[in-house]
Chemist: 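Quick one: the structure is below, and I'll ask about it shortly.
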Amino acid sequence: QVQLVESGGGLVQPGGSLRLSCAASTNIFSIYDMGWSRQAPGKQRESVASITSGGSINYVDSVKGRFTISRDNAKNTVYLQMNSLLPEDTAVYYCNAVPADQRNHPAFVSWGQGTQVTVSS
């Protein structure tokens, strides 16, 4: 498994922006599918955005047009740019990684420790 370290969370006003980063401790970052999930208090964790090793991207409907996921394979890092933030985006955001050839096997998914995002005035 790979170690993942998220950063960039914090407190922001509604309508504001944040950029989350997730650094992976691996020399073969390019083979990993990467993603961001979030968990709000009292709710189940949900997948927010994902980017495959080949660059295919998916978003949950609630963040389409506001969030952008990207990756920099040279820096072993995946990003989540979050714009037009809403109070309902408040959650702990987790980075995850899985080798592309194991994407259907949950046991091979690595998770970061999470970073808190709070959207409030």
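When a residue number appears, it is its place in the shown sequence, counting from 1. Every heavy atom of this structure was used, including side-chain atoms; hydrogens, water molecules and symmetry mates were not.
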Chemist: Around atom CD of Gln3, are there more than 12 heavy atoms from other residues, nucleotides or ligands closer than 6.0 Å?
Modeler: no

Chemist: For the residue pair Asn83 and Gln81, confirm or rule out a side-chain donor-acceptor distance under 3.5 Å.
Modeler: yes

Chemist: About how many Å separate OG of Ser50 and CG of Asn58, when rounded to the nearest 0.5 Å?
Modeler: 4.5 Å

Chemist: Go through the structure and list residues passing salt bridge (Lys or Arg N to Asp or Glu O under 4.0 Å) with Lys64, not counting sequence neighbours.
Modeler: Asp61

Chemist: In this structure, would Tyr59 and Val98 fall into the same cluster of hydrophobic residues linked by side-chain contacts under 4.5 Å?
Modeler: no

Chemist: Please name the pair of heavy atoms, one in Gly8 and one in Leu18, separated by the smallest distance, quoted to 0.1 Å.
Modeler: O-CD2, 3.8 Å

Chemist: Identify the two heavy atoms, one from Val2 and one from Ala24, that lie closest to each other, and give their separation to 0.1 Å.
Modeler: CG2-CB, 4.0 Å

Chemist: Quick one, Thr77 and Cys22 - any side-chain contact, counting heavy atoms below 4.5 Å?
Modeler: no

Chemist: What I'd like to find out is whether the side chain of Leu11 reaches to under 4.5 Å of the side chain of Ser120, using heavy atoms alone.
Modeler: yes

Chemist: For Ala100 and Asp33, work out which heavy atoms get closest and say how close.
Modeler: CB-OD1, 3.7 Å

Chemist: Membership question, hydrophobic clusters at under 4.5 Å side-chain separation (ILVMFWY): are Val12 and Tyr79 in the same one?
Modeler: no

Chemist: Step by step, work out the side chain to side chain contact (heavy atoms under 4.5 Å, CB included) result for Ser37 and Asn96.
Modeler: CA-CA 8 Å; Ser37 298; Asn96 59 82; 3.4 Å; yes

Chemist: Quick one: is the NZ or CZ of Arg71 closer than 6.0 Å to the six-membered ring centre of Phe29, and within 45° of its axis?
Modeler: yes

Chemist: Do you reckon Ile51 sits in the same ILVMFWY cluster as Ile28, going by side-chain contacts under 4.5 Å, direct or chained?
Modeler: yes

Chemist: Answer whether the closest heavy-atom distance between the side chains of Cys95 and Met34 falls below 4.5 Å.
Modeler: yes

Chemist: Identify the heavy atoms of Ser70 and Val78 that sit nearest to each other, and give their distance.
Modeler: O-CG2, 3.1 Å

Chemist: Any donor and acceptor pair, going by atom type alone, linking the side chain of Thr90 with main-chain N or O of Val119 inside 3.5 Å?
Modeler: yes

Chemist: What are the two closest non-hydrogen atoms of Ser121 and Pro14, and how far apart are they?
Modeler: N-CD, 3.7 Å

Chemist: Please say yes or no: joined through hydrophobic side-chain contacts below 4.5 Å, possibly via intermediate residues, are Phe108 and Tyr94 part of one cluster?
Modeler: yes

Chemist: In the hydrophobic clustering that connects Ile, Leu, Val, Met, Phe, Trp and Tyr at side-chain heavy-atom distances below 4.5 Å, which members other than Leu86 occupy its cluster, ordered by chain and number?
Modeler: none

Chemist: What about Val63 and Leu20, same hydrophobic cluster or not, with Ile/Leu/Val/Met/Phe/Trp/Tyr joined at side-chain heavy-atom distances under 4.5 Å?
Modeler: yes

Chemist: CD/Glu46 to CH2/Trp36 distance, rounded to the nearest 0.5 angstrom?
Modeler: 14.5 Å

Chemist: Please give me the minimum heavy-atom distance between Ala91 and Gln116, naming the atom from each residue.
Modeler: O-NE2, 3.4 Å

Chemist: Using the test side-chain hydrogen bond (donor to acceptor under 3.5 Å, both in side chains), find all partners of Tyr93 that sit at least two apart in sequence or belong to another chain.
Modeler: Arg38

Chemist: Verify side chain to side chain contact (heavy atoms under 4.5 Å, CB included) between Met82 and Asp89, making sure each step is shown before the conclusion.
Modeler: CA-CA 9 Å; Met82 305 186 294; Asp89 294 318; over 6 Å; no

Chemist: Side chains of Arg45 and Trp111: does their closest heavy-atom pair fall under 4.5 Å?
Modeler: yes

Chemist: Taking the side chain from Gln1 and the backbone from Val109, do they hold a donor-acceptor pair closer than 3.5 Å?
Modeler: yes

Chemist: Would you find more than 12 non-hydrogen atoms of other residues, nucleotides or ligands less than 6.0 Å from Gln44 atom CD?
Modeler: no

Chemist: CD1 of Ile57 to OG1 of Thr52: how many Å apart, nearest 0.5 Å?
Modeler: 8.0 Å

